[in-house]
Trainee: 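Please read through the structure below; I'll follow up with questions.
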Amino acid sequence: MNASYVSPRRGSVEDPLRTAVLISGSGSGLFALLNHQLSKPSCHVTKLIISDNKKSKGLHYGSKFDIPAFVMELPEVQDKIHRRILHEEAIHNQLIQSDIELVVLSGYMRVLTPTFVKKWKGRLVNIHPSLLPKYPGAHAHRDALADGAKITGCTVHLVDEGVDTGEILAQSETPIFADDTIEILQERVKKLEHLLYPKVLDHYCSK
Ligand code: GRF
């Protein structure tokens, strides 16, 4: 790993890494991770949930699992760049206040600025619903189908300053069938994601 990354400390069952999960939508990946952490002794534990979207269904896992869950939407500021900076500063401050050691992006639909990424590089992971470097960006399933791809999957990767370009930690594959729609493919890939992400975090947090 490049020297500009700061690896998290090694977590253990006795002293698990304090993790924040950032979401934007239904939070099925968050739910899978929380179940995984509860199902057996784990070297990572979710201590904070943040959504940039107040309508995110995944927020209710906060009360269900007794974890602080915050809505942190973009502030109402005219200038777009300033708005983005203020938003990420608020998220960063909350992460620090909650003593977070690892940030897990799980369906978080905003691209983070290089300023934020630099602060968390090596301690910032993402899951993307394609076999990167194929189909980066927000429409991976649409792009895979439009391309006539016969195989797709998901990728867990470290986040760098690019869009879905960071070091790949692991991937999982599935075929694409002739009658697949975006929705069908999304559900099939999510099943893979829910198995892969917790396992990769187990490994990454304990190495
Ligand atoms: C996942 O497929 C993730 O890879 C993508 O958005 C989806 C989020 O789903 N970036 P959910 O909110 O975890 O249900």
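Counting starts at 1 for both ligands and their atoms, following the listed order. Only a predicted model underlies this, so the values are computations on that prediction, with no experimental measurement involved.
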Trainee: Give the C-alpha distance, both sets of side-chain angles, the deciding distance and a yes or no for side chain to side chain contact (heavy atoms under 4.5 Å, CB included) between Glu167 and His157.
Mentor: CA-CA 5 Å; Glu167 183 181 329; His157 65 96; over 6 Å; no
Trainee: Going by the atom numbers of ligand 1, which of them fall below 4.0 Å from some non-hydrogen atom of Lys190?
Mentor: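 So the atoms of ligand 1 that pass are 2 (O), 9 (O), 11 (P), 14 (O).
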Trainee: Quick test: of every protein heavy atom, which one is nearest to atom 12 (O) of ligand 1, and how far off is it to 0.1 Å?
Mentor: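 Among all protein heavy atoms, the one nearest atom 12 (O) of ligand 1 is Gly27 N, 2.8 Å.
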Trainee: Only heavy atoms of Ser26, strictly under 4.0 Å: list the atoms of ligand 1 that pass.
Mentor: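 Taking each heavy atom of Ser26 in turn, ligand 1 has 11 (P), 12 (O), 14 (O) under 4.0 Å.
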Trainee: Heavy-atom distance under 4.5 Å between the side chains of Ile23 and Tyr108, does that happen here?
Mentor: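 Result no, sub-4.5 Å side-chain heavy-atom pair not found.
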Trainee: Could you tell me which non-hydrogen atom of Pro129 sits nearest to which non-hydrogen atom of Thr152, and how far apart they are?
Mentor: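 In this case the closest contact between Pro129 and Thr152 is O-OG1, 4.3 Å.
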Trainee: So, for Pro8 and Leu17, which heavy atoms are closest and what is the spacing to 0.1 Å?
Mentor: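 So the two residues come closest at CB-CD1, 3.9 Å.
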Trainee: Tell me whether ligand 1 is touched by Pro129 - counting only heavy atoms on the residue side and a distance under 4.0 Å.
Mentor: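 Yes, Pro129 has heavy atoms under 4.0 Å from ligand 1.
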Trainee: Closer than 4.0 Å to some heavy atom of Gly107 - which atoms of ligand 1 meet that?
Mentor: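 Selected atoms, number and element: 6 (O), 8 (C), 10 (N).
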Trainee: Could you identify the single nearest non-hydrogen protein atom to atom 2 (O) of ligand 1 and state the distance to 0.1 Å?
Mentor: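 The answer is Glu193 OE2, 2.8 Å.
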Trainee: Could you tell me whether Glu101 and Arg9 have a side-chain N and a carboxylate O separated by less than 4.0 Å?
Mentor: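 So Glu101 pairs with Arg9 through a salt bridge.
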Trainee: With heavy-atom distances below 4.0 Å as the criterion, list the atoms of ligand 1 near Gly29.
Mentor: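 Under 4.0 Å from Gly29, ligand 1 has these atoms: 13 (O).
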Trainee: For Ile127, counting its heavy atoms only, list the atoms of ligand 1 lying under 4.0 Å from any of them.
Mentor: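 Heavy-atom distances to Ile127 below 4.0 Å select 4 (O).
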Trainee: Given side chains that start at C-beta, do those of Gln171 and Cys154 come closer than 4.5 Å, heavy atoms only?
Mentor: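 No, side chains not in contact.
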Trainee: By the definition side-chain contact (heavy atoms from CB on, under 4.5 Å), identify the one residue from Val200, Thr19, Leu201, Leu105 that meets it with Val125.
Mentor: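 The residue from Val200, Thr19, Leu201, Leu105 that satisfies side-chain contact (heavy atoms from CB on, under 4.5 Å) with Val125 turns out to be Leu201.
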Trainee: May I ask which of Gly25, Ser24, Ser28 has a heavy atom nearer to atom 11 (P) of ligand 1 than the others do?
Mentor: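 Shortest heavy-atom distance from atom 11 (P) of ligand 1: Ser28.
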